Enquirer: 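One structure coming up, written as structure tokens, with questions to follow.
Values below: all heavy atoms of this structure, side chains included; hydrogens, waters and symmetry mates excluded. Bear in mind the structure is a predicted one, so any value in this text is a computation, not a measurement. Naming: A, B, ... by sequence-line order, numbering from 1 per chain.
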2 protein chains.
Amino acid sequence: MVSIKDVAKHAGTSFKTVSRVVNKDPGVREETRLRVQQSIEALNYRPNSAARMMRNQKSGVIGFLSDEVVTQPYAGDILLGAQQVASEHDKILMVVNIEHNRRHQQQALDMLLERRVEALVLASYFHREMEVPPEMLTVPSVLVNCFSTVEQLPSFVPDDEQAGFDATRLLLEQGHRCIGLISLDPRIEAARLRLAGYQRALQQAEIAFDPRLVVQGEGLAGQGSCSTQEAVDSLMALQPRPTAIVCGKDEFAMQVYFLLLRFGLRVGHEIALTSFDNQRLIAPNLSPGLTTMALPHLAMGRAALGHLFKPQADNSIRRLPFSVIERESHLLTS
Amino acid sequence: MVSIKDVAKHAGTSFKTVSRVVNKDPGVREETRLRVQQSIEALNYRPNSAARMMRNQKSGVIGFLSDEVVTQPYAGDILLGAQQVASEHDKILMVVNIEHNRRHQQQALDMLLERRVEALVLASYFHREMEVPPEMLTVPSVLVNCFSTVEQLPSFVPDDEQAGFDATRLLLEQGHRCIGLISLDPRIEAARLRLAGYQRALQQAEIAFDPRLVVQGEGLAGQGSCSTQEAVDSLMALQPRPTAIVCGKDEFAMQVYFLLLRFGLRVGHEIALTSFDNQRLIAPNLSPGLTTMALPHLAMGRAALGHLFKPQADNSIRRLPFSVIERESHLLTS
DNA sequence: CTGAAAGCGCTTACAG
DNA sequence: CTGAAAGCGCTTACAG
């Protein structure tokens, strides 16, 4: 590899002068600068960042520990947002997938710390509590789409309570008074919070909460036996029947479109629907289009990185708002 | 930061001995090794990888230039596969999103080359031709899910022709003789190849190709005016009507489930469907489940990285097979 | 089995 | 405006 000395020899100057040109130091005669510049291009010289890092005692790298963020649909937007802000601050992100694997996680962390990362980001593909490895406390760190109850770390999560409220409010505004909720597994953080939002919306509309209107759409992976079909069946068996349903996620909603047909009910005609996630593969392709709450993935990624570059170290949990994506499923047309 | 010298002082030895312990050199007395080990833990010492890189003249890093691979659903599996193989070879991947942006791409490339990446991977989220930046030719490089007609680089892409063949064959095996194809925009590589596979399957079944059975489901982003609805309408207007349809992607298929209802046709009963992509958000949630061809994302990522670690430098295009994911949509039940 | 010297490619601080 | 010296934290090659 060609080094600063090779360039110096080629340009007939000292290597220190080359360093000045590379770093755009002002104190170089224009003529010398030009000559060095030409040599740099002639030899295709690139400064060795390892040498720079060693001398400067900083790496310019921020570690990004990803729990399936890059493989789950759209969660990659967290990474995208993080990369945007990092790049604005001339930092580069080093991304490692940890994929639930303890040993991998430890190896990844060791590797990142040996590379002297200046900060660490731990991001999950869904909103949940995570165990924070103790090494994370040795450098500035933030959590994205996850939180810890044992370690005090700044944490950026979606505001699932607000989303639950808004998804319900949209239906209340259309005059519905009997609104079902097909819930996620209650062990999921989002399930609890969205339910709370649903209840708050009802309360604000002065409608008594009826627990029979809340049914579970599925168990956690491989654990539950309840299905979306059972959930729909039990809602449809109620007297009076709900005239609208809040679906715990777009996948539920998609299934519900089909399941309701068996009761002679068409979404957007006899029954209204709202949902969560704004999966771009699902929501716009249903007809009528699915009205759903979009997760603030990009904003969480941006906010988390932004926080790292701010002086204040406030270790609280920030809840970022969902966006209401209004299509047609929450409206009824005859 | 604590260095090798600090550890040496703490352990009462020379820093060279510490280096030996860290690198597991055999020639160290057990007693000394233990003492040094304790000092390492006491001081929480971690070798500085920048110093190592400089001394060893290699970075252990492979650059991964991603064109939306981490943000598009499931394309992240390319990265996952790449990371698996890199990790098996004790290399680490440095991922940068380039997102169509020329300037970003140049910056990313410069950064990676200054970090002395030992190889480069350029990956696209869909199968297409890409412009290869000239700097890529200065280090070993591979293309994933994309190819170049001007530069000779090893390239790993999905075998869209085979997929088209298989998606059609599944329907032929069920006795269908009149099979529609709702095609992607023909400017897309996959559209051309899948059509070729469709035609080969028909030919092998000794069925004459009828161009009226091939309709376009959409134009490229913002360009075409043709919709899935028009495509379905024109297929349904044919005499005789097709009894089965190959859909260019799962999103088409999803829409087709709904659109066919207007003709009184239920997928899996009066009409059979196959498709491409195996979007896990869509295919299993349709009823009946969608039979579709799964893209070999993980395999492409793995194969591409594997190629970098092999001695031979064969610059040809490898086409990796799709998997047939059989659900129920290609079968008819009354 | 252990250590002193040299050098990887840079930058910082000081001279000229 | 330009240069020689020292040092960042390691490893390689050579002595003892």
Enquirer: Taking all non-hydrogen atoms of both residues, which atom of A/Ala303 and which atom of A/Leu320 are closest, and how far apart?
Expert: CB-CD2, 4.1 Å

Enquirer: Nearest nucleotide by nearest heavy atom, which residue falls closer to the 5' end of DNA chain C, B/Ser14 or B/Arg116?
Expert: B/Ser14

Enquirer: Can you name the residues that form a ring-ring contact (aromatic ring centres under 6.0 Å, His included) with B/His127, not counting sequence neighbours?
Expert: B/Phe147

Enquirer: Excluding sequence neighbours, so at least two apart, what forms salt bridge (charged side-chain N to carboxylate O under 4.0 Å, His left out) with A/Arg33?
Expert: A/Glu30

Enquirer: Taking only residues two or more places apart in sequence or in another chain, which ones pass ring-ring contact (aromatic ring centres under 6.0 Å, His included) with A/Tyr74?
Expert: none

Enquirer: Quick one: does B/Asp77's side chain have a donor or acceptor within less than 3.5 Å of a partner on B/His297's backbone?
Expert: no

Enquirer: Excluding sequence neighbours, so at least two apart, what forms side-chain contact (heavy atoms from CB on, under 4.5 Å) with A/Phe126?
Expert: A/Ser124, A/Arg128

Enquirer: Please list, in numerical order, the residues of residues 5-12 of chain B that have a heavy atom closer than 4.0 Å to any atom of DNA chain C.
Expert: none

Enquirer: Dot-bracket, 5' to 3', for DNA chain C please: Watson-Crick or G-U pairs under 3.5 Å, [ ] where pairs cross earlier ones, | where the partner sits on another strand, dots elsewhere.
Expert: |||.||||||||.|||

Enquirer: So, using salt bridge (charged side-chain N to carboxylate O under 4.0 Å, His left out) as the criterion, who are the partners of B/Glu118 when residues are at least two apart?
Expert: B/Lys91

Enquirer: Please list every donor-acceptor pair under 3.5 Å in which a side-chain atom of residues 78-88 of chain B meets a protein atom from a residue at least two apart or in another chain.
Expert:
{"unit_1": "B/Gln83", "atom_1": "OE1", "unit_2": "A/Asn97", "atom_2": "N", "d": "3.4"}
{"unit_1": "B/Gln83", "atom_1": "OE1", "unit_2": "A/Asn97", "atom_2": "ND2", "d": "3.4"}
{"unit_1": "B/Gln83", "atom_1": "NE2", "unit_2": "A/Val95", "atom_2": "O", "d": "3.3"}
{"unit_1": "B/Gln84", "atom_1": "OE1", "unit_2": "B/Arg302", "atom_2": "NH1", "d": "2.5"}
{"unit_1": "B/Glu88", "atom_1": "OE2", "unit_2": "B/Arg302", "atom_2": "NH2", "d": "3.2"}

Enquirer: Only counting residues at least two apart or in another chain, list the ones meeting ring-ring contact (aromatic ring centres under 6.0 Å, His included) with B/His104.
Expert: none

Enquirer: Verify, without hydrogens or angle tests, whether A/Ser66 (side chain) and A/Ala123 (backbone) share a donor-acceptor contact under 3.5 angstrom.
Expert: no

Enquirer: Walk along DNA chain D from 5' to 3' and tell me the first and last nucleotide with an atom closer than 4.0 Å to a non-hydrogen atom of chain A.
Expert: D/dC1 to D/dG9

Enquirer: Mind listing the residues from residues 45-59 of chain A sitting with a heavy atom below 4.0 Å of DNA chain D? Number order is fine.
Expert: A/Met54, A/Arg55, A/Gln57

Enquirer: Can you check whether A/Arg35's main-chain N or O pairs, donor with acceptor, with A/Ser39's side chain at less than 3.5 Å?
Expert: yes

Enquirer: Only pairs at least two apart or in different chains count here, so list each side chain to side chain donor-acceptor pair (under 3.5 Å) that has a residue in residues 48-60 of chain A.
Expert: A/Asn23-A/Arg52

Enquirer: If the threshold is 4.0 Å, N to carboxylate O, is there a salt bridge linking A/Asp314 and A/Lys310?
Expert: no

Enquirer: More 5' along DNA chain D: A/Glu30 or A/Phe15, using each one's nearest nucleotide?
Expert: A/Glu30

